[in-house]
Amino acid sequence: MGLFSRFRNENKARDKPRVQVFDRGKVTNITRPRADVTLQGHEAIYAAVTRIANTVASIPVHVYKGRERQDAHPLEKLLNLSPNPSMSAYIFKQTMEAFRNTEGMAYALIIRDGLGEIVRLDVLDPTRVRPLIEKDSREIWYDITLEGRTYPIPGYMVVALKHMSANGISGIRPLDVLRGSLDYDAEVKEISLNQLDGINHGVMLEVPGQALDEKRKAQIVDDFLDAYESSGQRVLVLEGGIKATTFNQSPVDAQLMDVERITRNRVATVYNLPPHMLGDYSDTSFSTAEQQMQEFLQLTIIPIVQQWEDELNRKLLSDADYKAGYRFRFDTDSLVRADMVAMANKYQMAIRGGWMKTNEVREREGLPPDPSGNELMCARDIIPLRIMVEHPELLLTGTMAEKPTES
């Protein structure tokens with residue numbers, strides 16, 4: 001049975017009510033992809049990928065027609081509830097970003113039913129996907145290996161997200177870019193561990209008189225240790241003019257302590273992250289958390305979100321939907337939330353300035369709509385904007401003067 005036939009039969013069978021019986025012979029163990037091993041190998045990379053993946057996954061994505069959100073559109077439910085049977089919308093976006101930021105590519109196979117409607121988005125392991133290009137049409141295809149067999153899949157059936165790429169098809173693995181820095185970091189950590197295993201404190205015994213032979217030195221050390229142990233490691237009486245001086249050695253060279261910061265800075269550079277997002281606050285110039293989040297949003301998240309929107313518009317919307325004005329849009333405004341005073345001032349100016357409705361503000365704050373909150377308002381103080389248009393004399397008098405009647 002071919003790949004497409006199997007998908008079609010599975011989709012048709014899913015619509016029929018049935019009692020499912022767990023058959024252990026039809027299940028397989030869950031294996032970890034190479035990306036998981038990569039993330040386990042370095043805490044700075046794990047921190048960077050987690051920061052980006054969690055942020056993108058937490059941004060709501062909706063279907064719009066013009067500026068109106070289309071809650072009834074089938075793709076709205078697909079992307080905000082369950083893109084596939086094993087993942088929520090959050091886990092789907094988080095997993096795609098984890099793959100993109102480790103392997104340089106992230107793929108999701110688009111599954112359609114017999115009527116051509118999209119019913120699933122299955123995340124693929126990028127190590128099992130090989131991009132191809134058709135010589136004549138220059139269209140992209142993908143060789144996808146599933147269950148030991150390789151299937152050629154046309155590009156329009158695969159959502160493909162990538163890191164920076166010179167050919168526009170295959171993204172560069174960030175781990176390959178960081179290879180030198182990671183090797184250097186590993187060597188430095190090994191040196192640090194070796195130093196920790198060495199001497200970091202001790203006692204120097206000074207014996208007056210002539211030079212001692214090895215036997216006499218060993219005897220003095222043994223006598224010192226015996227006296228020290230017999231006193232309960234507290235009180236010690238030295239004889240024959242012997243002086244004891246303690247000395248300490250730093251377990252790690254001070255210069256080696258900077259390597260952690262340097263590595264984090266390089267990881268932040270490769271992932272286009274502000275260094276303070278990985279714990280390096282040495283060059284932070286912003287005074288508020290809102291300014292720091294705005295930098296993170298503009299520098300890191302907006303380019304990623306733009307790629308998501310472009311790819312979803314290209315692959316999930318039909319030509320008819322696209323021509324009708326349907327688009328996917330990530331609500332990035334949800335990331336930048338100022339303090340309560342700043343938000344209150346913003347909403348007040350928005351309502352009084354006539355560029356936000358009361359119910360739009362209430363929706364953003366998670367409040368139910370008000371029956372009289374669907375009109376734009378203007379200051380004077382405050383009346384619906386339409387009344388100001390119908391009665392321009394209010395601009396001069398501030399009262400509802402009656403229009404003169406014609407005789």
Side-chain angles (χ1 to χ4, degrees), residues 1-8 11 33-35 52 56 61 63-64 75 78-79 83-84 92-93 95-177 270-272 301-330:
M1 180 182 296
L3 177 67
F4 302 110
S5 299
R6 187 171 77 249
F7 287 158
R8 186 176 295 110
N11 292 325
R34 183 175 63 176
I52 295 173
V56 173
V61 55
V63 181
Y64 286 85
L75 293 179
L78 180 73
L79 286 175
N84 59 66
F92 171 78
K93 290 181 286 186
T95 305
M96 291 286 284
E97 278 301 302
F99 274 131
R100 192 185 68 86
N101 287 287
T102 51
E103 299 296 338
M105 293 295 302
Y107 300 102
L109 184 63
I110 302 172
I111 309 298
R112 300 176 182 269
D113 60 15
L115 299 177
E117 299 295 332
I118 300 174
V119 294
R120 289 170 54 180
L121 296 174
D122 288 347
V123 179
L124 301 173
D125 185 346
T127 60
R128 300 176 180 270
V129 181
R130 185 166 64 98
L132 307 171
I133 187 166
E134 209 277 328
K135 290 183 178 180
D136 297 330
S137 64
R138 309 301 294 174
E139 292 181 355
I140 303 300
W141 285 67
Y142 297 97
D143 270 353
I144 300 177
T145 302
L146 299 173
E147 300 176 356
R149 296 184 59 186
T150 301
Y151 304 89
I153 305 296
Y156 65 84
M157 291 186 60
V158 178
V159 174
L161 303 171
K162 60 182 69 65
H163 247 268
M164 180 59 64
S165 170
N167 60 13
I169 300 173
S170 300
I172 299 173
R173 294 183 73 234
L175 275 298
D176 293 338
V177 179
V270 169
Y271 282 100
N272 206 27
I301 300 302
I302 291 298
I304 297 174
V305 164
Q306 184 65 54
Q307 183 182 178
W308 271 87
E309 291 177 348
D310 290 347
E311 189 69 4
L312 294 179
N313 289 334
R314 289 179 61 230
K315 302 294 180 63
L316 301 189
L317 293 178
S318 65
D319 291 341
D321 283 344
Y322 190 85
K323 292 178 180 178
Y326 288 93
R327 299 291 188 274
F328 288 98
R329 188 177 305 136
F330 280 71

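Just so it is clear, the model here is predicted, and its values are computed rather than measured. Values below: all heavy atoms of this structure, side chains included; hydrogens, waters and symmetry mates excluded.
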Quick check for you: to the nearest 0.5 Å, what is the distance between [X] atom [atom1] and [Y] atom [atom2]?
X    : Y    : atom1 : atom2 : answer
Y156 : I110 : OH    : CD1   : 10.0 Å
I304 : L161 : CD1   : CG    : 10.0 Å
K93  : R100 : NZ    : CZ    : 14.0 Å
L124 : F99  : CG    : CZ    : 8.5 Å
I153 : L146 : CD1   : CG    : 7.5 Å

(message) Suppose the criterion is salt bridge (Lys or Arg N to Asp or Glu O under 4.0 Å): which pairs have a residue in residues 152-166, not counting sequence neighbours?
(response)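 Residue pairs passing salt bridge (Lys or Arg N to Asp or Glu O under 4.0 Å), neighbours aside: none found.
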
Excluding sequence neighbours, so at least two apart, what forms salt bridge (charged side-chain N to carboxylate O under 4.0 Å, His left out) with [X]?
X    : value
D176 : R173
R327 : none
R329 : none
E311 : R314, K315

For [X], enumerate each residue passing the side-chain contact (heavy atoms from CB on, under 4.5 Å) test, keeping only those at least two apart in sequence or located in another chain.
X    : result
V305 : I59, I301, E309, F330, T332
I140 : I133, Y142, I169
D321 : H73, L317, S318, Y326

(message) Between N313 (side chain only) and F328 (backbone N and O only), is there a donor and an acceptor less than 3.5 Å apart?
(response) yes

For [X], check side chain to side chain donor-acceptor pair (under 3.5 Å) against everything at least two apart and list the hits.
X    : answer
W308 : E97
D125 : T127
N167 : S165
Q306 : D310

Considering all heavy atoms, the nearest [X]-[Y] contact:
X    : Y    : answer
W141 : P154 : CE3-N, 3.5 Å
M157 : L109 : O-CD1, 3.6 Å
M105 : P126 : O-CG, 3.2 Å

(message) Quick check: do R130 and T150 have side-chain heavy atoms less than 4.5 Å from each other?
(response) no

(message) Do L79 and L121 have side chains that approach each other closer than 4.5 Å (heavy atoms only, starting at C-beta)?
(response)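 A side-chain contact exists here, since the closest heavy-atom pair is under 4.5 Å.
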
(message) Quick one, V129 with V158, criterion side chain to side chain contact (heavy atoms under 4.5 Å, CB included). Give me CA distance, side-chain angles, the key distance, then yes/no.
(response) CA-CA 10 Å; V129 181; V158 178; 5.8 Å; no

(request) Under the side chain to side chain contact (heavy atoms under 4.5 Å, CB included) rule, what do L132 and E134 come out as? Steps first, then yes or no, please. (result) CA-CA 7 Å; L132 307 171; E134 209 277 328; over 6 Å; no

(request) Give the intermediate values and the outcome of side chain to side chain contact (heavy atoms under 4.5 Å, CB included) for residues H163 and N101. (result) CA-CA 7 Å; H163 247 268; N101 287 287; 3.0 Å; yes

